[in-house]
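In listed order, ligands and their atoms are each counted from 1. All heavy atoms count here, side chains included; hydrogens, waters and symmetry mates do not. Counting begins at 1 with the first residue of the sequence. Only a predicted model underlies this, so the values are computations on that prediction, with no experimental measurement involved.
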Amino acid sequence: MSNKSILVTGGSSGLGHAAARKLANSGFYVFATVREIHGIFDKMQNIEELKIDVTNDQSVKEAFHQIESRQEDYPLWGLVNNAGICIPSPLELLEPAEFRRQLDTNVVGQLLVTQAALPLIRSNKGRIINVTSGLGSIAVPYLGAYSIAQFAKMAFTDALRRELKHSGVSVSVVQPGAIYTPIWEKILAAGQDILNQSVSEKRKIYAKSFLEFLKVSEEGARLTMTTENDFAEVVLNALNADIPATHYYVGNDAKDFIDKSHTLTAAEIDSLFDAHSPTSREFEDYLA
Ligand SMILES: NC(=O)c1ccc[n+]([C@@H]2O[C@H](COP(=O)([O-])OP(=O)(O)OC[C@H]3O[C@@H](n4cnc5c(N)ncnc54)[C@H](OP(=O)(O)O)[C@@H]3O)[C@@H](O)[C@H]2O)c1
């Protein structure tokens, strides 16, 4: 098939942006989704912005009307479910509405886009790639909501792959480790907001270790050697492979998490995060 097209969600920023550019430069036609049209790809060939808010059914429907109208020229062959947000919070302080927003964007949004894309991708015997994280293998304190979403996306991928086994469509997951994209500044800002806005006395229990955790994590991401381009390469390989793997990782930290999830006991994994929990003194002070 010539002129295969790939839909990449979350194309405005970070990993999705890098992947969209890489795929377009490699000869695919790319529909890169954005929430606001900015003309960011106007000077590039083989790529166009497509407006989608993955939490909005109507927005997904309208975007697929556009994609369907282009099928003769650019048959949809691939979907990269990449759009996502990360809401950091101690679970005890997490607002239910924020938890819903996390799941709505990263999990339900992925379902909506996949359902809309499947009829086209199936008729073209194409590929689906879901982007999760190392946190889809090990849940991390203070990123509980996000970890839950990533575990859900792992399960979504496995279930979908098994359902589509005889359809000719392949379903893979890509698990990146930390890569310094705009998501990290958003996480820091969101964490600060959550603490500032919390009227709960319980914020005192968590404030110190939560802020320390955010700082350490952001610094770790800032220093990582893994790049957006490494991610884009893995996505390209998954699309070009004769037989795509079911699981890909990007970065040694992701591999380390995946390996540990298979080899360590739950207690051993707990101990990796000993430094990222309030002290017994902080819990006792709250009771006093
Ligand atoms: N960077 C990392 O360290 C890392 C590690 C593991 C996994 N990941 C995963 O990789 C994916 C991309 O992350 P990133 O680091 O590239 O983050 P990013 O730079 O913040 O980009 C996130 C993208 O998702 C889009 N998005 C957010 N909410 C959306 C919605 N409701 N509808 C449609 N698009 C929406 C954003 O669009 P707007 O510009 O409109 O907000 C943006 O294009 C995420 O799923 C994340 O969980 C990232």
Separation between CD1 (I87) and CG (L94), nearest 0.5 Å, reads 7.5 Å
Please list all pairs passing the side chain to side chain donor-acceptor pair (under 3.5 Å) test where one or both residues lie in residues 173-183, with sequence neighbours left out.
S137-Q175, Y180-E218, Y180-R222
Grouping ILVMFWY residues whenever side-chain heavy atoms fall under 4.5 Å, the cluster of I243 otherwise contains none
I need the single residue from N81, N130, T157 that forms a side-chain hydrogen bond (donor to acceptor under 3.5 Å, both in side chains) with T114. Which is it?
N81
Heavy-atom contacts under 4.0 Å to ligand 1, chain-then-number order, include exactly G10, G11, S12, S13, G14, L15, R35, I52, D53, V54, T55, N82, A83, G84, I85, T105, V131, T132, S133, Y146, Q150, K153, P176, G177, A178, I179, T181, P182, I183, W184, K186
According to side chain to side chain donor-acceptor pair (under 3.5 Å), who are the partners of D256, at least two apart in sequence or on a separate chain?
K260
Would H276 and Y206 satisfy ring pair (Phe, Tyr, Trp, His ring centres under 6.0 Å), going step by step from the backbone distance to the final call?
CA-CA 10 Å; H276 300 301; Y206 295 101; over 10 Å; no
